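In what follows, residues are counted from 1 in the order of the sequence shown. The structure displayed is predicted, hence computed values, not measured ones.
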Amino acid sequence: MCTGKCSRCIAVTLYPLVLLSIICNIILFFPGWDVKYVKEGHITEEVKYMGGLVGGGIMVLIPALYIHLTGEEDGCCGNRFGMLFSIVFAAVGVAGALYSFTVAVTGLTNGPLCFDGTEWTRPFLNSTSPYMNDYKSWADCREPKNVVQFNIGLFVTLLAASGVQGLLCAIQMINGLFGCLCGTCFSKQQP
């Protein structure tokens with residue numbers, strides 16, 4: 001496959017992952033599908049870090065847009081110099097995906113913030129056993145309703161999306177190197 005076409009494929013694949021990361025991060029602000037928890041400040045620090053919005057969102061979207069330009073035959077960036085810059089942009093995408101991945105892992109490890117009947121706490125924060133397989137312990141969180149499943153589902157989705165984003169950006173770094181050394185291999189039509 002041509003390095004320019006490969007760039008286009010990578011960029012087009014990154015767009016829905018960026019959108020998914022942003023949507024998951026926004027939804028994390030509304031546990032139990034209610035606005036009152038964010039108003040009262042009853043959300044975890046990992047949600048406030050906005051790994052999906054900043055890392056998997058903006059820090060991957062900007063490189064994806066540039067990478068897409070390197071895949072355009074008639075565009076300004078579909079040349080060796082553009083491919084060189086795509087390596088730098090892809091590295092920024094890797095950093096963003098890594099940030100999103102790290103925040104998601106931390107959010108999964110520490111568990112949600114919930115009301116246990118007496119106070120707002122993070123019951124799984126210093127747990128010695130993993131809470132994700134211990135379904136009975138999920139009942140400790142009375143409010144917001146189903147907050148454990150809510151957090152697990154969204155943080156796992158962010159984890160998967162950021163993993164794929166990081167992989168695609170790393171592939172673009174290699175593709176950009178080949179494109180820089182060998183050219184974008186667009187066929188130039190003779191008049």
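More than 12 heavy atoms of other residues, nucleotides or ligands lie within 6.0 Å of NZ in K48, so this atom counts as buried by the packing criterion. The environment of CH2 in W120 is crowded: more than 12 heavy-atom neighbours from other residues, nucleotides or ligands sit within 6.0 Å. Surrounding CZ of F85 are at most 12 heavy atoms belonging to other residues, nucleotides or ligands under 6.0 Å away.
For the residue pair F29 and V47, the shortest heavy atom distance occurs at CZ-O, 3.6 Å. In this structure, C141 and V148 approach most closely via the heavy-atom pair SG-CG2, 4.1 Å. Smallest separation of non-hydrogen atoms from T44 and G111: CG2-O, 3.8 Å. Here the closest heavy-atom approach between residue P31 and residue V147 is recorded as CB-CG2, 4.0 Å. Nearest approach of M50 to Y99, heavy atoms of both residues: O-CE2, 4.2 Å. Of all the heavy atoms in T109 and Y131, the pair that sits closest is O-CE2, 3.9 Å.
With side-chain heavy atoms closer than 4.5 Å counting as contact, directly or through intermediates, V12 stands alone and belongs to no larger hydrophobic cluster.
Counting only distance, with no hydrogens or angles, the side chain of N25 and the backbone of G51 share a donor-acceptor pair below 3.5 Å. Without hydrogens or angle criteria, S100 side chain to A97 main chain gives no donor-acceptor distance under 3.5 Å.
Taking CE of M83 as the start and CD1 of I67 as the end, the distance is 9.0 Å to the nearest 0.5 Å. Here L158 contributes atom CG and Q165 contributes atom CD; the two are 9.0 Å apart, rounded to the nearest 0.5 Å. Taken from CD1 in I174 to CD1 in I87, the straight-line distance is 10.0 Å, to the nearest 0.5 Å. Distance check, rounded to the nearest 0.5 Å: SG of C9 to CD1 of I171 gives 11.0 Å. Note that OG1 of T157 and CD1 of I23 are 11.5 Å apart. Values are rounded to the nearest 0.5 Å.
A 4.5 Å side-chain heavy-atom check between Q172 and F89 finds every atom pair outside the cut-off. For the pair L28/F155, a side-chain contact is recorded, criterion being any heavy-atom separation below 4.5 Å from C-beta on. The shortest side-chain heavy-atom distance between V60 and L17 does not fall under the 4.5 Å cut-off. By the 4.5 Å heavy-atom criterion applied to side chains, L61 and Y15 are counted as neighbours. Within the 4.5 Å cutoff, no side-chain heavy atoms of H42 are placed close to those of P144. By the 4.5 Å heavy-atom criterion applied to side chains, W138 and I152 are counted as neighbours. With a 4.5 Å cut-off on side-chain heavy atoms, I62 and V92 do not count as touching.
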Stepwise side-chain contact (heavy atoms from CB on, under 4.5 Å) check, L14 with C169: CA-CA 9 Å; L14 283 172; C169 287; 4.1 Å; yes

Applying side-chain contact (heavy atoms from CB on, under 4.5 Å), run through L113 and I43 and close with a yes or a no. CA-CA 6 Å; L113 175 69; I43 55 172; 5.7 Å; no

Show the numbers, then the answer: is there a side-chain contact (heavy atoms from CB on, under 4.5 Å) between I27 and F150? CA-CA 9 Å; I27 292 172; F150 186 82; 3.6 Å; yes

Assess the residue pair L159 and F101 against the criterion (side-chain contact (heavy atoms from CB on, under 4.5 Å)); give the C-alpha distance rounded to whole Å, side-chain angles, the decisive distance to 0.1 Å, and a yes or no. CA-CA 5 Å; L159 194 69; F101 188 87; 3.4 Å; yes

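A salt bridge links R122 to E46: at least one charged side-chain nitrogen sits closer than 4.0 Å to a carboxylate oxygen.
A continuous path of ILVMFWY side-chain contacts below 4.5 Å connects L154 to F124, so both sit in one hydrophobic cluster. Grouping the Ile, Leu, Val, Met, Phe, Trp and Tyr side chains by contacts below 4.5 angstrom, directly or via other members, places L19 with L167. Criterion: ILVMFWY side-chain heavy atoms under 4.5 Å apart, direct or through other members. Under it, L98 and I58 are not part of a common hydrophobic cluster.
Annotation: side-chain hydrogen bond (donor to acceptor under 3.5 Å, both in side chains) contacts of S21 (sequence neighbours excluded): none.
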